[in-house]
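Just below is one structure, and these are the notes that go with it.
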Amino acid sequence: MASYPFTSALITGASSGIGEAMARELGRAGIPQVVVARRGDRLEQLAATFADVEVLAADLSTPDGLAAVEERLSDPHRPVDLLVNNAGFGTSGTFAELDADRLDEEVRLNVGALTRLSRVALGVMVPRGRGYLLNVSSVVSFQPGPRLAVYAATKAYVTSLSESLHEEVRGTGVKVTALCPGLTRTEFQDVSSSTKMTDRAPAWVWQSPEEVAVTGLRDMAAGRALSIPGPLNKSMVTASGMTPRGLLRRMSGMVR
C-alpha cells in the first residue's frame with residue numbers, strides 16, 4: 001500500500017478513468033476524500049467500497065455545480081488538503097464542422113471550471129501554509145493538435161497555468177503539479193469520438209489509468225511541476241521542445 005502525505009482530497013471527474021483510479025488509490029491508502037462527478041451512481045459505488053468517501057454529484061459545466069464544489073473547497077471545518085482537477089473532455093474532428101455549443105462547453109469545463117477551482121483552493125491553501133493542487137493536462141499540451149484542436153488548446157492552458165502557479169506558490173508550503181499523460185485507456189476515446197484514430201495506435205503506446213494515477217500522485221507528493229508518465233511520453237515531450245514549430249505542426253497533422 002502506497003503512503004502519501006495528503007490528509008484529505010477532492011477529486012473531480014472521479015466517476016471513471018484517471019479520476020476514478022486516483023480515488024481508488026487514495027481509498028486504499030486510507031485518505032478521506034470527496035469525489036465529484038455528474039454520475040452520482042458511480043460515485044456511490046466508490047463510497048460503498050472505501051471508508052471516508054463523501055459523494056458530491058455536480059456538473060462543473062453549470063454554475064450551480066461549480067458553486068457547490070467551490071463551497072465544499074472553502075469549508076473551514078472540513079479542509080481539503082489535495083485538489084485534483086481531473087474533470088474534462090475532448091472533441092475530435094475538423095474544427096469548422098464541429099458543434100459550437102459542444103466546443104463552448106469543452107472550454108468552460110477544461111479551462112473555466114479548472115481555473116475557478118484552482119483559485120478557490122489556493123485561496124484557502126496558501127494562507128494555511130499547506131496544500132496540493134494537481135491539474136490533469138496531457139502530452140498534447142506541448143504540441144499542436146489538428147483534429148483535436150480545442151482539446152489541445154485547453155490542455156496547453158492547463159499546463160501553462162499550472163507551471164506558473166507552481167512558481168507563484170514556491171516557498172508557501174503549497175505545491176502545484178500538472179499531470180500530462182499520453183494515450184490512456186479510458187472513456188475519453190468514446191466521448192471525444194476519436195476511437196477510429198486511437199485504434200490504430202499499437203498496444204505498447206498505451207497506459208492504464210492506474211499507472212497514470214499512481215505516477216501523478218507520487219509526483220504531486222514530491223512537489224514536481226510536471227508529471228509525465230512513462231518513458232515514451234517523456235521522450236515525446238522532449239522531442240516536441242526541440243522540433244521546429246512548422247515541422248511539429250505537420251507531423252501532428254499526419255499522425256492524426
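Source: prediction; values computed, not measured.
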> Out of curiosity, Thr49 OG1 to Arg28 CZ, how far, rounded to the nearest 0.5 Å?
Replying inline: 10.5 Å
> If only atom types and distance count, is the side chain of Ser141 paired as donor or acceptor with the main-chain N or O of Ser137 below 3.5 Å?
Replying inline: no
> To the nearest 0.5 Å, how far apart are CG in Leu165 and CG in Asn135?
Replying inline: 7.5 Å
> Once you round to the nearest 0.5 Å, how far does CG of Leu179 lie from CG of Leu217?
Replying inline: 8.5 Å
>> Looking at every non-hydrogen atom in both residues, tell me the closest pair between Val35 and Ala14 and how far apart they are.
In response: CB-CB, 3.8 Å
>> Is it the case that the side chains of Ser15 and Arg39 hold a donor-acceptor pair, with the cut-off being a distance below 3.5 Å and no angle test?
In response: yes
> So Leu56 and Leu43, side-chain contact (heavy atoms from CB on, under 4.5 Å) or not? Walk me through it.
Replying inline: CA-CA 8 Å; Leu56 178 51; Leu43 301 180; 6.0 Å; no
>> Applying side-chain contact (heavy atoms from CB on, under 4.5 Å) to Leu46 and Arg42, what does each step give before you reach the verdict?
In response: CA-CA 7 Å; Leu46 287 171; Arg42 293 197 179 186; over 6 Å; no
> Looking only at heavy atoms, which two atoms of Val139 and Gly182 are closest? And how far apart?
Replying inline: CG2-CA, 3.6 Å
> Of the non-hydrogen atoms in Ser138 and Lys155, which two are nearest, and what is the gap between them?
Replying inline: CB-CG, 4.0 Å
Please tabulate, for side-chain N and O atoms in residues 118-127, each donor-acceptor pair with protein atoms closer than 3.5 Å (sequence neighbours left out).
from, atom 1, to, atom 2, distance (Å)
Ser118, OG, Asn85, ND2, 3.1
Ser118, OG, Leu114, O, 2.8

>> Can you pull out every ring-ring contact (aromatic ring centres under 6.0 Å, His included) where at least one residue sits in residues 3-23? Sequence neighbours excluded, please.
In response: Tyr4-Phe6, Phe6-Tyr132
> Are Val84 and Val55 grouped together when hydrophobic residues (ILVMFWY) are joined by side-chain heavy atoms under 4.5 angstrom apart?
Replying inline: no
> Side chains of Leu66 and Leu117: does their closest heavy-atom pair fall under 4.5 Å?
Replying inline: yes
> Hey, does the side chain of Arg108 reach the backbone of Ser61 with a donor-acceptor pair shorter than 3.5 angstrom?
Replying inline: yes
>> Just so I know, are the side chains of Ile11 and Leu26 near enough to count as touching, which here means a heavy-atom distance under 4.5 Å?
In response: yes
> Between Glu44 and Val53, does a side-chain contact (heavy atoms from CB on, under 4.5 Å) hold up when you go through it step by step?
Replying inline: CA-CA 9 Å; Glu44 293 293 350; Val53 174; over 6 Å; no
> At what distance, to the nearest 0.5 angstrom, does CD of Glu163 lie from CD of Glu168?
Replying inline: 12.5 Å
> Side chain of Thr12, backbone of Asn86: donor and acceptor closer than 3.5 Å?
Replying inline: yes
> Do any N or O atoms from the side chain of Ser160 and from the backbone of Tyr157 form a donor-acceptor pair under 3.5 angstrom?
Replying inline: no
> Does any pair with a residue in residues 35-68 pass ring-ring contact (aromatic ring centres under 6.0 Å, His included), and if so which ones, sequence neighbours excluded?
Replying inline: none
>> Ignoring hydrogens, what is the shortest heavy-atom contact between Ser162 and Val176? Give both atom names and the distance.
In response: O-CG1, 3.5 Å
> If only atom types and distance count, is the side chain of Ser208 paired as donor or acceptor with the main-chain N or O of Glu211 below 3.5 Å?
Replying inline: yes
>> Does this structure show an ion pair linking Glu167 with Arg170, if we count only N-O contacts that are shorter than 4.0 Å?
In response: yes
> Residues in side chain to side chain contact (heavy atoms under 4.5 Å, CB included) with Thr177, at least two apart?
Replying inline: Leu134, Met220, Ser227
> Sub-3.5 Å donor-acceptor pair from the side chain of Glu71 to the main-chain atoms of Ala68, do we have one?
Replying inline: no
>> Nearest 0.5 Å, please: how far is CD in Gln33 from OG in Ser8?
In response: 10.0 Å
> Any donor and acceptor pair, going by atom type alone, linking the side chain of Asp81 with main-chain N or O of Thr7 inside 3.5 Å?
Replying inline: yes
> Is the side chain of Glu25 donor-acceptor paired with the backbone N or O of Ala213 at a distance under 3.5 Å, no angle test?
Replying inline: no
> For the side chain of Thr159 and the backbone of Ala156, is there at least one donor-acceptor N/O pair under 3.5 Å apart?
Replying inline: no
> Partners of Glu106 by side chain to side chain contact (heavy atoms under 4.5 Å, CB included), sequence neighbours excluded?
Replying inline: Phe89, Thr91, Leu103, Asn110, Val150, Tyr151
> Within a radius of less than 6.0 Å around CZ of Arg38, do more than 12 heavy atoms belonging to other residues, nucleotides or ligands occur?
Replying inline: no
> What is the distance from atom CG of Leu109 to atom CG of Asp104, rounded to the nearest 0.5 Å?
Replying inline: 11.5 Å
> By side chain to side chain contact (heavy atoms under 4.5 Å, CB included), which residues pair with Glu54, not counting sequence neighbours?
Replying inline: Val34, Arg72, Arg78
> Got a sec: does the CZ of Arg24 have more than 12 other heavy atoms crowding it under 6.0 Å?
Replying inline: yes
>> Could you check whether any side-chain N or O of Thr62 sits under 3.5 Å from a backbone N or O of Gly65, counting only pairs where one atom can act as donor and the other as acceptor?
In response: yes
>> Run the side-chain contact (heavy atoms from CB on, under 4.5 Å) test on Arg116 and Glu70 for me, step by step, so that the C-alpha distance in whole Å, both residues' side-chain angles and the decisive distance to 0.1 Å come before the verdict.
In response: CA-CA 8 Å; Arg116 287 189 65 92; Glu70 289 183 35; 2.8 Å; yes
